[in-house]
Amino acid sequence: MDTATLDTPADTYAITIGLTINGQQRRLPVEPWTTLLDLLREQEGLTGTKKGCDHGQCGACTVLIDGKRVNSCLTLAVSRDGADVRTVEGLAEGDRLHPLQQAFIDHDAFQCGYCTPGQLCSAVGLLAEGKAKSRDEVREMMSGNICRCGAYTNITDAVLEVLGEGSVK
Amino acid sequence: MNRFSYARPSDVADAVREGRPGDVRYLAGGTNLVDLMKENVERPARIVDINRLPLHDIDDLPDGGLRLGALATNADTAWDKRVEERYPLLASAILAGASPQLRNAATNGGNLNQRTRCYYFYDTATPCNKREPGSGCGAIGGVNRIHAILGASAACIATHPSDMCVALAALDATVRVTGAQGERAIPIADYHRLPGAEPQWDNTLAPGELVTAIDLPNERFTEHYTYLKLRDRLSYAFALVSVAVAMRVEEGRITQARIALGGVAHKPWRVPNAESVLHGETPSQNAFLAAAHAITEGAHGHGENDFKVGLVRKAIVRALAQAAAGTPQSQTDKRVA
Ligand SMILES: Cc1cc2nc3c(=O)[nH]c(=O)nc-3n(C[C@H](O)[C@H](O)[C@H](O)COP(=O)(O)OP(=O)(O)OC[C@H]3O[C@@H](n4cnc5c(N)ncnc54)[C@H](O)[C@@H]3O)c2cc1C
Ligand code: SF4
Ligand code: FES
Ligand code: FES
């Protein structure tokens with residue numbers, strides 16, 4: 001991690017930061033007011049991550065930073081210089097879907113699909129945290145992702161299946 | 001979002017030098033500051049990114065207390081083994097707030113300093129004394145469902161939206177800050193302030209001062225405690241009202257009861273004199289009701305939030321019963337026992 005003191009005047013166009021995005025090390029020029037969401041979508045062309053509200057209120061922009069799920073719309077990219085970022089594009093291994101992606105298909109856990117990348121990244125984060133076990137806990141710990149289509153029950157089933165709790169019929 | 005200059009110091013002394021008064025804002029998780037910058041409510045000329053300062057740790061204090069680094073995230077704090085075991089009230093309150101994603105980014109220092117969610121404060125097309133001193137208050141006589149019922153002023157009826165801070169108030173935490181004048185320790189009760197004639201000041205932090213840590217005293221409320229939060233939907237919503245209780249019960253009698261309220265005032269609301277009406281009492285609905293009335297004395301609504309007066313009293317009675325019984329509110333099973 002780059003811990004050097006950094007100082008830029010307001011008229012500086014961009015600061016170069018280092019990010020590992022889906023396993024690839026990148027050096028990227030960013031304007032300090034750029035959010036990680038805009039960097040991913042506009043600069044890197046990774047449009048899998050969605051912009052729903054742009055204010056932390058929906059979870060569509062959820063990505064994994066150093067393995068933890070966060071809302072990329074409220075994260076200034078420059079503040080995460082040196083971080084490892086994983087987006088929905090980085091979940092599958094080649095043609096092999098991530099187990100959560102497969103479970104979402106098997107359980108019909110989406111309709112329009114707009115919230116799905118955020119739901120998937122959030123669920124990957126949830127699995128890594130290891131705190132949610134029961135259905136109530138999965139519901140609570142997935143509550144940072146709004147689904148306007150209301151696919152909640154099927155999303156919960158999909159996550160529970162991958163958790164291996166066996167409460168899915 | 002406006003353009004700004006950016007600094008990323010790596011030690012506290014540099015940060016404080018950078019944070020010198022002016023249009024400077026410290027950036028921690030950004031979950032509140034970046035949001036407000038997108039709304040043009042905050043337009044700092046300079047951002048001092050404090051994420052590289054060595055304030056991420058949670059450390060035991062020699063006296064048995066616990067020091068929470070200002071940059072420890074809300075998630076890491078709530079799930080810290082020592083917090084879970086020694087300060088379950090704090091863990092519960094943090095987990096009742098925001099969402100898992102937001103708690104992963106939100107820091108303890110940022111949570112303390114988050115601004116009100118008053119709709120008019122957020123809307124730069126409307127008057128707001130907090131955002132623009134002297135412009136008036138849109139919420140008085142306006143849409144004020146989420147506003148204060150205690151300690152408000154003719155200038156501002158905003159509430160402090162934090163859950164974490166309500167638990168900190170019940171736990172008598174201390175906020176440690178560093179500024180140009182050196183270090184200070186501020187009792188949580190004196191940290192946030194009432195709006196009075198100067199609602200632009202949320203708290204008593206001097207401009208440029210940096211929160212470095214929050215200290216929790218060596219007093220354990222591990223059996224008789226609860227954090228009860230009532231809101232418009234069961235998760236991912238701010239409190240309409242919330243109640244933190246830290247209690248001691250010895251031989252069937254209450255020997256100590258601390259009650260802090262969220263969602264009702266410009267700061268976590270505590271009235272120590274009113275709490276003492278419970279001392280020596282055996283737990284009962286009548287005793288709880290008396291305490292609820294004593295703590296909310298003078299409470300009144302502003303129209304749309306009139307319901308909060310009755311709601312918070314009922315919530316206090318419920319929370320006291322939960323704490324006395326040793327059955328704290330679960331933050332996943334949402335039923336209120
Ligand atoms: C949709 C949504 C829902 C939410 N729901 C809840 C909820 O239910 N309950 C709840 O409690 N909170 C809730 N929050 C608020 C959230 O908890 C805060 O945004 C968060 O705690 C702020 O922390 P941060 O590190 O991101 O702060 P930042 O956004 O980085 O900073 C916030 C403010 O604090 C200042 N600051 C930060 N660190 C320091 C420091 N060390 N010293 C001095 N000043 C500092 C900044 O300059 C800024 O003014 C919600 C937020 C969102 C977006
Ligand atoms: S209540 Fe306070 S924050 Fe809201 S409009 Fe009035 S002055 Fe502004
Ligand atoms: S786009 Fe980030 S939370 Fe909605
Ligand atoms: S599937 Fe349409 S918003 Fe979730």
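Order of the sequence lines sets the chain letters (A, B, ...), proteins ahead of strands, with each chain counted from 1.
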Need one label for A:Arg80: side chain, backbone, both or neither, based on atoms under 4.5 Å from any heavy atom in chain B.
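Contact with chain B: backbone and side chain both.
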
Segment of A:Glu129 engaging chain B (4.5 angstrom heavy-atom cut-off)
side chain

Closer than 3.5 angstrom, by distance alone: can the side chain of B:Arg3 be matched with the main-chain N or O of A:Glu31 as a donor-acceptor pair?
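No: the side chain of B:Arg3 does not pair with the backbone of A:Glu31.
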
Backbone N or O of A:Val70 within a donor-acceptor pair of the B:Asn104 side chain at under 3.5 Å?
no

Under a 4.5 Å heavy-atom cutoff, which of A:Asp54, A:Thr75, A:Asp136 has the most pairs with chain B?
A:Asp54

Pick from A:Leu126, A:Ile65, A:Thr62 with the largest number of heavy-atom pairs that fall under 4.5 Å of chain B
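When all of A:Leu126, A:Ile65, A:Thr62 are compared, A:Thr62 has the most.
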
So does [X] have more than 12 non-hydrogen atoms from other groups sitting under 6.0 Å from [atom1]?
X	atom1	answer
A:Arg139	CZ	no
A:Arg96	CZ	no
B:Arg82	CZ	yes

Nearest heavy-atom pair of [X] and [Y]: which atoms, and what distance?
X	Y	result
B:Val34	A:Leu76	CG2-CG, 3.8 Å
B:Arg52	A:Asp81	NH2-O, 2.7 Å
B:Tyr236	A:Cys58	OH-N, 3.2 Å

Quick one: does [X]'s side chain get under 4.5 Å of [Y]'s, heavy atoms only?
X	Y	answer
A:Cys73	B:Lys38	yes
B:Gln101	A:Asn145	yes
A:Trp33	B:Met37	no
B:Asp76	A:Lys68	yes

Find the distance between [atom1] ([X]) and [atom2] ([Y]) and round it off to the nearest 0.5 Å.
X	Y	atom1	atom2	value
B:Arg103	A:Arg69	CZ	CZ	8.0 Å
B:Ser235	A:Met141	OG	CE	8.5 Å
B:Thr332	A:Lys133	OG1	NZ	12.0 Å
B:Asp333	A:Arg135	CG	CZ	14.0 Å
B:Met1	A:Asp38	CE	CG	8.0 Å
B:Leu36	A:His55	CG	NE2	9.5 Å

Side chain, backbone, both or neither: which part of [X] has a heavy atom under 4.5 Å from chain A?
X	value
B:Asn51	side chain
B:Asp49	side chain
B:Asn2	backbone
B:Leu27	side chain

Most contacts with chain A, counted as non-hydrogen pairs under 4.5 angstrom, among B:Ser99, B:Pro100, B:Gly30
B:Pro100

